[in-house]
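Notes follow once the structure below has been shown.
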Amino acid sequence: MPPILPFCGEPLCRPNAHRLLVLFRIHSLHLSFNSAPIPQANTDLPSLISILVINHSPTAASGGAGASDGDAETLALALSSSFSILSLSPAIVDSVLKRLWNDGPRALLFFRALLLLPGFSHAPSSFDHALDIAARLRDRRSIHLLLSDRRRAGLPLSHRTFAILAERFAAAGKPDSAVRLFLSLHHHGCRQDTNSFNILLDVLCKTRRVRKAASLFRSLNGRFRADAVTYNILADGWCRVKRTAAALDVLKEMVDSGLEPTLTTHNILLKGFFRSGQVNEGWDFFLQMKRRGKKDDSCCRPDVISYTTVVHGLGLAGQTEKARKVFDEMIAHGCLPSVATYNALIQVLCKKNEIHSALKVFDEMLSRGYTPNVTTYNVVIRGLCHAGEMERAMGFMEAMRSEGSEPTVQTYNLVIRHWCEEGEMEKGLDLLGKMKDEARCLPNLDTYNVLISAMFVRRRPEDMLVAGRMVVEMVEKGYLPRKFMFNKVLNGLLVTGNQCFAREILRMQERFTRMRRNIRL
DNA sequence: CTAGGGTTAG
């Protein structure tokens, strides 16, 4: 791209809108003489943009430390010369950010590049996506930059933003940061109320920090009036750590405080019993719900979620016949199964190695006019892989694409894993290539872990090189391999090393040490 | 994205 050349030669300096404007003019002048690649009207715009971003940003690959401002500038140029700013609507930007989800550094680079376009401003939802990605990368610098950019744009923190950040903090082992953020919400222009309090409790409970949630609830209950949602969140928290007795206590406390348990409350407990292996208690609870529901007690009458919970719970406990009976019974009771109910039944049959009955249920749901979703395909494909029917699994993968649900990263990962287990590394690597092709579905940490581990079973020198390249690639995307993975790959490279690869091995080794230094920061 | 049901292996 010639117009960018004089620009690249300059020392890097802070992006500057005026300078960019001048460069835009030079750039578009040049393009008017060449035929610029114009996206087809019927091609997927987010996909085109993602491909451009991925093929651009050369120095994002320079060691995991993140890209420089200069990268954002050149990307901004490339974007503005290929796409009209008007076409970069919030919906399109969000969709690109989602597509680049598994390549965090480049997603953030894209976000930053757009900020440099004159007259462009990000929507709150785009800020949320970018914050989510930065927080997942544990990139404090980007988080703070994004927050100050957001403040400068006059956009206060929303509850959604708070939920995202709190969730990431809790997931990173810093639940206290989530609590602190909650306590400082008013500084960010976000209301501290029962809603945001519930979000905080929910985040803590979902990361199994129920005790912390419960004590916070006790100490702050005076300031935020608890509602039914608050109690449901806490009950679910106890259920998640398999403490159904404590969940029942919450239920009692709820009633004592004058709040009526809802159908959601009952479904939470129902699920809790099955989750903690109390199958009989779960079944009795379900019967009780049905009995009380008959007396026109609508907060107890099982709904489609209750039935799905029971079908799944019984099935996982090995009682697939009883599960099937409940499934048939729900229709008789005037409650139609949902796609999730079918998914539960199919999964449960697959787990019992009854793949043929599972496929019969799949056909049954088609004939009843249901449209399978991604989860349906994933459970069926998993079942087939587990039964060693790899070719049929691949067939379903094709089928899901032609039916309009693109395989997800989970689909790819599970099929790749099974190909590798069968010793067919090439088929696994083929699928990796297919994922990256057209930025269809970017590989994640699991993908790399599965494939890199698989590269060791054949003890081939060339496999070690592939493993080495994948480690480099995953670090570039912001994923940290475990220490033993690094060592394993390095050892593999050295042990199998021959003259031919020696230089590459050496370069790689230096690169790894540089990366590790960067990672430590 | 304020709560409940389907995708994860050993």
Side-chain angles (χ1 to χ4, degrees), chain A residues 124-125 128-129 131-132 157-168 190-191 193-203 205-206 224 226-237 239-240 247 250 254 259 261-272 274-275 286 289 299 302-313 315-316 326 330 335 337-351 358 361-362 365 370 372-383 385-386 400 405 407-415 417-418 421 444-446 449-450 453:
Chain A
S125 61
D128 286 343
H129 281 299
L131 272 168
D132 203 356
L157 275 202
S158 65
H159 279 177
R160 185 171 186 255
T161 322
F162 169 59
I164 289 169
L165 289 176
E167 189 184 321
R168 291 299 169 193
C190 184
R191 283 194 54 174
D193 51 14
T194 301
N195 295 350
S196 44
F197 186 49
N198 284 345
I199 293 172
L200 176 67
L201 294 183
D202 191 42
V203 161
C205 286
K206 294 250 161 72
F224 308 103
D227 59 9
V229 177
T230 318
Y231 285 103
N232 286 346
I233 287 169
L234 286 172
D236 189 49
C239 286
R240 274 170 198 273
V250 173
M254 181 177 185
L259 285 167
T262 64
L263 183 52
T264 301
T265 319
H266 288 92
N267 285 338
I268 287 168
L269 275 149
L270 188 60
K271 170 87 184 167
F274 285 110
R275 184 159 29 199
F286 177 59
M289 284 173 72
C299 82
D303 66 354
V304 58
I305 293 179
S306 327
Y307 278 106
T308 305
T309 305
V310 173
V311 167
H312 195 230
L316 287 186
V326 172
M330 70 186 283
C335 180
S338 65
V339 173
T341 321
Y342 276 100
N343 295 348
L345 187 58
I346 291 172
Q347 193 219 127
V348 138
L349 290 170
C350 288
K351 287 234 156 122
V361 174
F362 181 82
M365 85 182 268
Y370 287 87
N373 61 19
V374 178
T375 307
T376 321
Y377 283 107
N378 285 350
V379 291
V380 168
I381 291 172
R382 176 170 298 113
C385 287
H386 197 70
M400 71 189 287
S405 21
T408 64
V409 68
Q410 287 91 342
T411 323
Y412 282 104
N413 288 352
L414 82 93
V415 178
R417 175 182 297 121
H418 277 92
E421 279 172 9
N444 67 8
L445 182 62
D446 288 338
N449 280 338
V450 167
S453 307

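Lettering follows sequence order; numbering is per chain, from 1. Hydrogens, waters and symmetry mates are skipped; everything else that's a heavy atom, side chains included, is used.
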Touch class at under 4.0 angstrom, heavy-atom based, for A:Asp128 against every strand present: nothing

N/O (side chain, A:Lys351) to phosphate O (OP1/OP2, B:dA9) under 4.0 Å: yes

A:His312 side chain near B:dG5 phosphate (N/O to OP1/OP2, under 4.0 Å): no

Spacing between A:Asp446 atom CG and B:dT8 atom P, to the nearest angstrom: 12 Å

Sugar-phosphate only, base, or nothing, as touched by A:Ser338 at under 4.0 Å among non-hydrogen atoms: base

Atom-to-atom span, CD1 of A:Ile164 to P of B:dT2 - whole angstrom: 10 Å

Nearest-neighbour nucleotide for the A:Thr375 side chain, B:dT2, B:dG6, B:dC1 considered: B:dG6

Under 4.0 angstrom between A:Arg417 side-chain N/O and B:dA9 OP1 or OP2: no

Sugar-phosphate only, base, or nothing, as touched by A:Asn413 at under 4.0 Å among non-hydrogen atoms: nothing

Nucleotide nearest A:His159 (side chain, heavy atoms from C-beta), chosen from B:dG4, B:dT2, B:dC1: B:dT2

Nucleotide nearest A:Asn267 when distance is taken to its side chain, options B:dG6, B:dT2, B:dG4: B:dG4

Interatomic distance, A:His129 NE2 vs B:dC1 P [rounded to whole Å]: 11 Å

Distance between P atoms of B:dC1 and B:dG5 (Å, rounded): 14 Å

Atom-to-atom span, CZ of A:Arg275 to P of B:dG6 - whole angstrom: 8 Å

All salt bridge (Lys or Arg N to Asp or Glu O under 4.0 Å) counterparts of A:Asp132, not counting sequence neighbours: A:Arg168

Sugar-phosphate, base or nothing in reach of A:Thr341, heavy atoms under 4.0 Å: base

Rounded interatomic separation in angstrom, taking CG from A:Leu200 and C1' from B:dC1: 14 Å

Shortest side-chain distance from A:Asn195, nucleotide among B:dA3, B:dG4, B:dT2: B:dT2

Residues, nucleotides or ligands: over 12 heavy atoms within 6.0 Å of A:His159 NE2: yes

Touch class at under 4.0 angstrom, heavy-atom based, for A:Val304 against every strand present: base

A:Ser306 side chain vs A:Phe286 backbone, donor-acceptor pair below 3.5 Å: no

A:Asp227, nearest nucleotide to its side chain (from B:dT2, B:dG4, B:dA3): B:dT2

Phosphate OP1/OP2 of B:dT2 contacted by A:Lys206 side-chain N/O (<4.0 Å): no

Nucleotide B:dG10, atom C1' - distance to NE2 of A:His386 in whole Å: 12 Å

Donor-acceptor under 3.5 Å (A:Asp193 side chain, A:Ser196 main chain): yes

Syn/anti state of B:dG4 by chi, 90° boundary around 0: anti

Set of salt bridge (Lys or Arg N to Asp or Glu O under 4.0 Å) partners for A:Lys206, sequence neighbours left out: A:Asp202

Sugar-phosphate, base or nothing in reach of A:Thr309, heavy atoms under 4.0 Å: sugar-phosphate

Distance-only donor-acceptor test (3.5 Å): side chain A:Asn343, base B:dG5: no

Side-chain-base donor-acceptor pair under 3.5 Å for A:Thr308 and B:dG5: yes

Sugar-phosphate, base or nothing in reach of A:Leu201, heavy atoms under 4.0 Å: nothing

Separation of B:dA3 P from A:Lys271 NZ (nearest whole Å): 16 Å

Heavy-atom donor-acceptor pair, A:Tyr377 side chain to A:Ser405 backbone, under 3.5 Å: no

Between P of B:dG5 and CG of A:Leu263, the distance in whole Å: 12 Å

Beyond-backbone contact of A:Ile305 with A:Leu263, side-chain heavy atoms, under 4.5 angstrom: no

